[in-house]
Engineer: 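I have a structure I would like to understand better, so I am pasting it below and will then ask my questions one at a time.
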Amino acid sequence: MNPKICIVGSANIDQIAYVEKTPSDGETVFGNSYQMGFGGKGANQAVMAGILGAEVYMICCLGSDVYKDMTIENFNKNNVNTEYIQTVEGSSGVAPIWVDGSGQNRIIVIPGANDLIDAEKAINSLETIGMIDVLVGQFEIPLQVNESVFEYAHSNGVQTILNPAPANKPSEKLLECTSWFIPNEIEFEEIYGSTFNETNLLNFSKSINSNIVVTLGENGCAFVDNGKVEILGTKQVTAVDTTGAGDAFVGAFSYALGMKLPIIDSLQLALEKATNSVTKKGTQSSYRN
Ligand code: RIB
């Protein structure tokens, strides 16, 4: 049986400029190429889970522009249910992105409709969808919406994954309803208030009830198992574009969790999908093998 997964989060149109070296203040440079594609942390995670074969429900909010139809069509092509997508007047989310010669990205998100997602409608959608295996959230929509849907999922015995990206401190209420907390290294540092290292990870882990995994880019990921920090490495590749790699990780992990795979296997699948994605240009366009 395919796992039933619901992603509540953002959908953006990514506008990616590839450039050897990103410009300094006041500088103009020539880029190598440009591409537009589908992005948004929530949408990316949904598409990865959909590609892997999960039954995925996307709850997001789109504007009244051309991006709305394009985004819905893209979800449908990627095995993501679009019946519960909300719409409002105005612009959909967009994300201008710079990717440099080493594949590193700098992202600006203009949330648009993402900021107007309605918590009550999201809960109604969850009620209609019925029992799900995993609910996933990130921080590109208002915190209060995450709190409502996580509380609903938690009280219905559903496993939840919180990816605190872009970095923001989760409220106590949200963390209490989180089964898996998955920041990257930078987000960990912002939230914990000190550098990422094994001692700090262990201390943070003791202060919350959730399981914790920290993604470490080319160094794999760290997680706490039975009070001990474990590091899982990943294969070394030449990075072309790291945009959306963290989302590939979370989307694949949600699928594996829904499939009830052992945790190590789930993390390995997530690392494999994230690592493969950095070898290709684009966000969701880098997710298929
Ligand atoms: O994590 C990558 C994503 O961040 C991009 O797709 C962009 O839209 C922003 O949401």
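Fair warning: this is a prediction, and the values are worked out from it, not measured in the lab. In this chain, residues are counted from 1 in sequence order. Whatever order the structure lists them in is the order used to number ligands and atoms, beginning at 1.
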Engineer: Could you tell me whether the side chains of Thr275 and Thr234 share a donor-acceptor contact shorter than 3.5 Å?
Structural biologist: yes
Engineer: Side-chain donor-acceptor pair under 3.5 Å between Arg288 and Asn78, yes or no?
Structural biologist: yes
Engineer: My understanding is that only one of Ile263, Val136, Asp133, Thr160 makes a side chain to side chain contact (heavy atoms under 4.5 Å, CB included) with Leu257; could you say which?
Structural biologist: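 Only one option passes, and that is Ile263.
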Engineer: If hydrophobic clusters are built by linking Ile, Leu, Val, Met, Phe, Trp and Tyr wherever their side-chain heavy atoms come under 4.5 Å apart, do Val278 and Leu232 end up in the same one?
Structural biologist: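 Shared cluster, no.
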Engineer: What are the distances between nitrogen or oxygen atoms of ligand 1 and protein nitrogen or oxygen atoms, counting only those under 3.5 Å?
Structural biologist:
from, atom 1, to, atom 2, distance (Å)
ligand 1, 1 (O), Lys41, NZ, 2.9
ligand 1, 1 (O), Asp247, OD2, 2.7
ligand 1, 4 (O), Lys41, NZ, 3.0
ligand 1, 6 (O), Asp14, OD1, 3.3
ligand 1, 6 (O), Asp14, OD2, 2.6
ligand 1, 6 (O), Gly40, N, 3.0
ligand 1, 6 (O), Asn44, ND2, 3.0
ligand 1, 8 (O), Asn12, ND2, 3.0
ligand 1, 8 (O), Asp14, OD1, 2.6
ligand 1, 8 (O), Gly40, N, 3.0
ligand 1, 10 (O), Asn12, ND2, 3.1
ligand 1, 10 (O), Lys41, N, 3.3
ligand 1, 10 (O), Glu140, OE1, 2.9
ligand 1, 10 (O), Glu140, OE2, 2.7

Engineer: Of the options Asn146, Asp247, Ile7, which is the one that meets Gln138 in a side chain to side chain contact (heavy atoms under 4.5 Å, CB included)?
Structural biologist: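 Result for side chain to side chain contact (heavy atoms under 4.5 Å, CB included) with Gln138: Ile7.
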Engineer: Give every residue pair that meets the ring pair (Phe, Tyr, Trp, His ring centres under 6.0 Å) criterion with at least one member in residues 238-266, sequence neighbours excluded.
Structural biologist: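 Ring pair (Phe, Tyr, Trp, His ring centres under 6.0 Å) check on residues 238-266 returns Trp180-Phe253.
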